[in-house]
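The residues of the chain are indexed from 1 along the displayed sequence.
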Amino acid sequence: GYLPLGAGDPHDRAVRRRGLFEESASGAGVLRAAREAGLRARTPKAVFAAARRGERAALAAVDVEAARIALAIAAVVPVLDPELVILGGGIARGGVDLLLEPVARELEELSPFHPRLAVTKLGDEAVLHGAVSVALAAAREEMFDRTRDLERREIVA
């Protein structure tokens, strides 16, 4: 979310609170792109519904969103070299049928690296589930890893 990619000033304190990419690729970013394209929608869900009906302004907003997501993936993939990139959050869930193919197409044009793309089934809660999973794994390791316990005893002895 803090990648300095998207519409806006990365130095703006309001933008820095959430991150420029998060601000641009979130529901607010979709609405902003839709309004700039001339669509009056109140929610990202309405933008995606209009795109499914074939409304040009909504389709343009979806293309802007797909291009932003693809650019962010293209920026990260050469560094991390993931086999799989999972799109998450409300935008991915609400527009998966509209976003996945254009993101893949744009990524193909932007980068020589082409990880598989998928959409999480966790929706808006993906980050929370990930944080809980990491915390549980750390707690489990701390509590039940006998190797670590034996190493501590050897150090003390």
Which distance, rounded to the nearest 0.5 Å, do you find between the CG of Leu20 and the CG of Leu5?
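Going from CG on Leu20 over to CG on Leu5, the span is 7.0 Å.
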Could you measure the distance from the CG atom of Leu99 to the CD1 atom of Ile69? Nearest 0.5 Å is fine.
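Reported value, rounded in 0.5 Å steps: 5.0 Å.
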Glu108: which residues meet the side-chain hydrogen bond (donor to acceptor under 3.5 Å, both in side chains) condition with it, sequence neighbours left out?
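Residues passing side-chain hydrogen bond (donor to acceptor under 3.5 Å, both in side chains) with Glu108: none at all.
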If you apply the rule side chain to side chain contact (heavy atoms under 4.5 Å, CB included), what do you find for Glu106 with Ile73, and how did you get there?
CA-CA 10 Å; Glu106 183 71 13; Ile73 293 170; over 6 Å; no
Scan the side chains in residues 109-117 for donor-acceptor partners under 3.5 Å anywhere in the protein, sequence neighbours excluded, and list what turns up.
{"unit_1": "Ser111", "atom_1": "OG", "unit_2": "Phe113", "atom_2": "N", "d": "2.9"}
{"unit_1": "Ser111", "atom_1": "OG", "unit_2": "Phe113", "atom_2": "O", "d": "3.3"}
{"unit_1": "His114", "atom_1": "NE2", "unit_2": "Ser111", "atom_2": "O", "d": "2.6"}

For Pro78 and Ala74, which heavy atoms make the closest approach, and how far apart are they?
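Heavy atoms only, the tightest pair is CD-O, 3.0 Å.
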Quick one: list whatever passes side chain to side chain contact (heavy atoms under 4.5 Å, CB included) with Pro4, sequence neighbours left out.
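For Pro4, the residues satisfying side chain to side chain contact (heavy atoms under 4.5 Å, CB included) (neighbours in sequence not counted) are Pro10.
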Can you give each donor-acceptor pair under 3.5 Å made by side-chain atoms of residues 32-51, sequence neighbours left out, with the distance rounded to 0.1 Å?
{"unit_1": "Arg32", "atom_1": "NH2", "unit_2": "Glu23", "atom_2": "O", "d": "3.0"}
{"unit_1": "Arg35", "atom_1": "NH2", "unit_2": "Ala41", "atom_2": "O", "d": "3.3"}
{"unit_1": "Thr43", "atom_1": "OG1", "unit_2": "Ala46", "atom_2": "N", "d": "3.0"}

For residues 55-68, which side-chain N or O atoms pair as donor and acceptor with protein atoms under 3.5 Å away, sequence neighbours left out?
{"unit_1": "Glu55", "atom_1": "OE2", "unit_2": "Arg53", "atom_2": "NE", "d": "3.3"}
{"unit_1": "Glu55", "atom_1": "OE2", "unit_2": "Arg53", "atom_2": "NH2", "d": "2.8"}
{"unit_1": "Arg68", "atom_1": "NH1", "unit_2": "Ser24", "atom_2": "O", "d": "3.0"}

Residues clustering with Ile86 (ILVMFWY side chains joined when closer than 4.5 Å, directly or via others)
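Leu84, listed by chain and number.
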